[in-house]
Protein chains: 2
Amino acid sequence: MVDVRDTWHPDPDEMNLTEVMSALSDPIRVGLIRLLSDGEERGWGLLRAPVSKSTLSHHLRVLRSAGLTRTRMEGTRCFVVLRRDDVQSRFPGLLDAVLTAADNQSVGSEVSLA
Amino acid sequence: MVDVRDTWHPDPDEMNLTEVMSALSDPIRVGLIRLLSDGEERGWGLLRAPVSKSTLSHHLRVLRSAGLTRTRMEGTRCFVVLRRDDVQSRFPGLLDAVLTAADNQSVGSEVSLA
DNA sequence: TCCTTTGTTCGATGTTCGTAGAACGTCAAA
DNA sequence: TTTGACGTTCTACGAACATCGAACAAAGGA
């Protein structure tokens, strides 16, 4: 059984403002975006968040289906990267503003690496 | 009986990113912000949204307690204004980015004036 | 061929949210 | 004083959400 959600990513034109804002309304998801803000691709195994495996999977799906991240499979492992340029082209300035504000307020600091 | 929620507005330092993002995750609230984006103070009676009176009151309270708008009473009438400078000082670039994106996508166009 | 690792999916649960209607308080006008 | 306009609050309800554990699927190793 093929699940569309596994591989689908929205094009920049398909990204929805309300969905993106909603995706960025959760501290854990903001923390994940902050970790990825340097543009590096990261394996899920490196992501440390105070939630269960299934909840983390859920949050990463929300980010992906909003268009904020891109997920790539390699064997049984997943790698995720921030779609910074795509988001910038669709919503100029939005991601930078959120990242700046999140840094200032330490939003999502419960999420870490390694 | 005094209700704190009637008059309380957060200082810029008290504004919370997650709360602001959440407040801007609803199309009707984004529409209200768009209407107020010219900086003019507007009476509630001028706001036209496809929701009931109580629901509109709820949305305006969410915007107010997030710090996005300021509400002033005058007799039995209410006036609301966008706190553009306060939001800009706390979250530089955020409001502009959201307004630009909302205009491009016509988010909240179901809200109108008069 | 098993077993481990990795991530998804499926209930289940408790919470929050958007919504509406009814009741209330307040102020102004008739 | 009575009536009407205006906005808030209370209550209720369904939908959506965050969370978890368990079951599942796929890919490599032992």
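What you see is a predicted model; the values in this text were computed from it and never measured. Here is how names work: the chains are called A, B, and so on, in the same order as the sequence lines, proteins then strands, and each is numbered from 1.
No side-chain donor-acceptor contact under 3.5 Å links A:R29 to the backbone of A:L24. Although no hydrogens or angles enter the test, the distance criterion places a donor-acceptor pair under 3.5 Å between the side chain of B:R48 and the main chain of B:G45. With hydrogens and angles ignored, the 3.5 Å screen pairs no side-chain donor or acceptor of A:S22 with any backbone N or O of A:E19. Counting only distance, with no hydrogens or angles, the side chain of B:R42 and the backbone of B:V80 share no donor-acceptor pair below 3.5 Å.
Across all strands, A:H59 comes closer than 4.0 Å only to sugar-phosphate atoms, never to a base (heavy-atom distances).
For C:dA20, the OP1/OP2 oxygens have a side-chain nitrogen or oxygen of B:T55 closer than 4.0 Å. For the OP1/OP2 pair of C:dA28 and a distance below 4.0 Å, the side-chain nitrogens and oxygens of B:R77 include no atom meeting the criterion.
Comparing C:dT8, D:dT8, D:dA18 against the side chain of A:R29 picks out D:dA18 as the nearest. Among the nucleotides D:dA18, C:dG7, D:dC20, the one closest to the side chain of A:D26 is D:dA18. Candidate nucleotides C:dT9, D:dT19, D:dG7 were compared by shortest atom distance to the side chain of A:I28, and D:dT19 ranks first. In this structure, the nucleotide among C:dT19, C:dT8, D:dT8 sitting nearest to the side chain of B:V51 is C:dT19. The B:T76 side chain lies nearest to C:dT26 when the options are C:dT26, D:dG7, C:dT9.
Taking atom CZ on A:R48 and atom C1' on C:dT6, their separation rounds to 13 Å, with Å as the unit. Whole-Å rounding puts the A:K53 NZ to D:dG21 C1' distance at 10 Å. When the C1' atom of C:dG7 is taken as reference, atom CG of A:L63 falls 16 Å away, rounded to whole Å. Taking atom CZ of B:R61 as the reference point, atom C1' of C:dC17 lies 13 Å away to the nearest angstrom. Atom CD of B:E19 is separated from atom C1' of C:dT16 by 13 Å (rounded to the nearest Å). Separating the CG atom of A:L56 from the P atom of D:dC17 is a distance of 18 Å, rounded to the nearest angstrom. Atom C1' of nucleotide D:dT11 and atom NE2 of B:H58 are separated by 14 Å, given to the nearest angstrom. One atom, CZ of B:F79, and another, P of D:dG7, lie 8 Å apart when rounded to the nearest Å.
In terms of position on DNA chain D, the residue among A:S22 and A:E74 whose nearest nucleotide sits closer to the 5' end is A:S22.
Remark: the B:S54 side chain and the C:dA20 base include a donor-acceptor N/O pair separated by less than 3.5 Å.
In summary, B:D96 and B:R84 engage in a salt bridge, as defined by a charged side-chain N under 4.0 Å from a carboxylate O.
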